Amino acid sequence: MNSEELNSALVALIDKKAELQKLTYDDARYDDVEEELHDLEDDFNETYGQFLEAALEKVHDELSSDTDVLLPTAYLPAGPGPKPTPKEGVWIDSEKYSGKEARLTLVPNPVRLVLTVGKAVQEDVWKA
């Protein structure tokens, strides 16, 4: 797996997602940007899905989570910021963090999965 290509694809995907979020539904470009985002997501999942899903399975196991593993694109942050917010990514049920809201987010630079628990805990749980 070429981590530089993976990182570039992830950055492009997050940037396109952020671009779409800035548009309103009545913007003439909305449908085109949304279609571009869906095409990028499809390409990303096709190219990197198997690799990333294996990593997600491993992380879910390590966190004693029985939450289903979703497509890698579900774990993206809302925007290109350096750290995901506590509401970004996918909620997971983890025995390790019982009773707390835990989320996994796939972020670039370098490509990694970040576990966010509430507002206080944020740690890298996997790196490409």
Side-chain angles (χ1 to χ4, degrees):
M1 178 62 50
N2 184 323
S3 58
E4 288 179 22
E5 290 177 6
L6 171 58
N7 191 70
S8 294
L10 184 56
V11 168
L13 193 51
I14 292 169
D15 287 348
K16 187 59 69 176
K17 186 175 178 180
E19 179 183 349
L20 181 63
Q21 289 178 339
K22 291 177 186 174
L23 301 177
T24 60
Y25 291 117
D26 61 345
D27 190 300
R29 299 174 300 140
Y30 188 89
D31 289 338
D32 291 336
V33 174
E34 184 180 42
E35 184 65 32
E36 291 170 12
L37 175 61
H38 291 311
D39 289 345
L40 284 173
E41 288 174 333
D42 290 345
D43 292 345
F44 186 85
N45 286 326
E46 184 177 317
T47 304
Y48 304 106
Q50 190 172 13
F51 171 73
L52 291 171
E53 285 175 31
L56 286 161
E57 286 279 352
K58 181 179 177 191
V59 169
H60 275 251
D61 288 347
E62 290 171 356
L63 295 172
S64 300
S65 172
D66 60 356
T67 309
D68 290 338
V69 172
L70 305 177
L71 289 173
T73 50
Y75 296 83
L76 298 180
K83 287 182 160 184
T85 68
K87 296 295 180 186
E88 292 182 303
V90 172
W91 174 86
I92 63 164
D93 181 28
S94 172
E95 288 180 21
K96 189 174 179 180
Y97 297 100
S98 183
K100 297 181 181 176
E101 184 169 335
R103 292 182 172 270
L104 280 176
T105 310
L106 178 63
V107 297
N109 302 318
V111 176
R112 64 201 184 281
L113 286 167
V114 175
L115 174 69
T116 304
V117 182
K119 295 180 180 178
V121 177
Q122 196 169 66
E123 67 177 287
D124 294 349
V125 291
W126 175 85
K127 290 184 182 177

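All residue numbers in this chain count up from 1 along the given sequence. Every value quoted in this text rests on a predicted model; they were computed, and no experiment measured them. Worth knowing before you read on, the calculation uses all heavy atoms, side chains too, and leaves out hydrogens, waters and symmetry mates.
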- Message: Are Y48 and L10 packed together at the side-chain level, in the sense that at least one heavy-atom pair is separated by less than 4.5 angstrom?
- Response: no
Looking only at heavy atoms, the pair that brings A18 and P80 closest together is CB-CD, 4.0 Å
For residues 35-42, tabulate all N or O donor-acceptor pairs below 3.5 Å that involve a side-chain atom, not counting sequence neighbours.
residue	atom	partner	partner atom	Å
E36	OE1	K16	NZ	2.6
H38	ND1	E41	OE1	3.3

For L106 and P77, the nearest pair of non-hydrogen atoms, with its separation, is O-CD, 3.1 Å
Scanning both residues in full, the closest heavy-atom pair of E53 with P72 reads OE2-CD, 3.7 Å
- Message: What I'd like to find out is whether the side chain of V107 reaches to under 4.5 Å of the side chain of Y75, using heavy atoms alone.
- Response: no
dist W91:CH2 -> L70:CG (nearest 0.5 Å) comes out at 11.5 Å
Rounding to 0.5 Å, atoms CE (M1) and OG1 (T47) come to a distance of 8.5 Å
Between the CD1 atom in I92 and the CG atom in L63, the distance rounded to the nearest 0.5 Å is 4.5 Å
Does the side chain of Q122 reach to within under 4.5 Å of the side chain of P84, using non-hydrogen atoms?
yes
Can you establish whether the number of heavy atoms outside E95 located under 6.0 Å from its atom CD is more than 12? no
message: Is it the case that over 12 heavy atoms from other parts of the model lie below 6.0 angstrom from the CD atom of Q21?
response: yes
Next on the checklist: Is there a side-chain contact between V125 and R112 in this structure, where contact means two heavy atoms from C-beta onward sitting under 4.5 Å apart?
Outcome noted: no
Heavy-atom closest pair (Y30 atom, T24 atom, distance to 0.1 Å) is CD1-O, 3.5 Å
Check whether L6 and L71 end up in the same hydrophobic cluster, where Ile, Leu, Val, Met, Phe, Trp and Tyr are linked by side-chain heavy atoms less than 4.5 Å apart.
no
Given the rule that I, L, V, M, F, W and Y join up when any side-chain heavy atoms are under 4.5 Å apart, are V114 and F51 in one cluster?
no
Between the CD atom in E88 and the NZ atom in K83, the distance rounded to the nearest 0.5 Å is 12.5 Å
Check: Step by step, would you call W126 with L104 a side chain to side chain contact (heavy atoms under 4.5 Å, CB included)?
Finding: CA-CA 10 Å; W126 175 85; L104 280 176; over 6 Å; no
Heavy atoms of L115 and A102 approach each other most closely as CD1-CB, 4.1 Å
When clusters are formed by joining ILVMFWY residues with side-chain heavy atoms under 4.5 Å apart, either directly or through shared neighbours, do L113 and V11 land in the same one? no
Here the gap from T67 atom OG1 to D93 atom CG, rounded to the nearest 0.5 Å, amounts to 4.5 Å
OG1 of T116 to NZ of K119, rounded to nearest 0.5 Å, is 12.5 Å
With a 4.5 Å cut-off on side-chain heavy-atom distances among I, L, V, M, F, W and Y, is there a chain of contacts connecting I14 to L20? yes
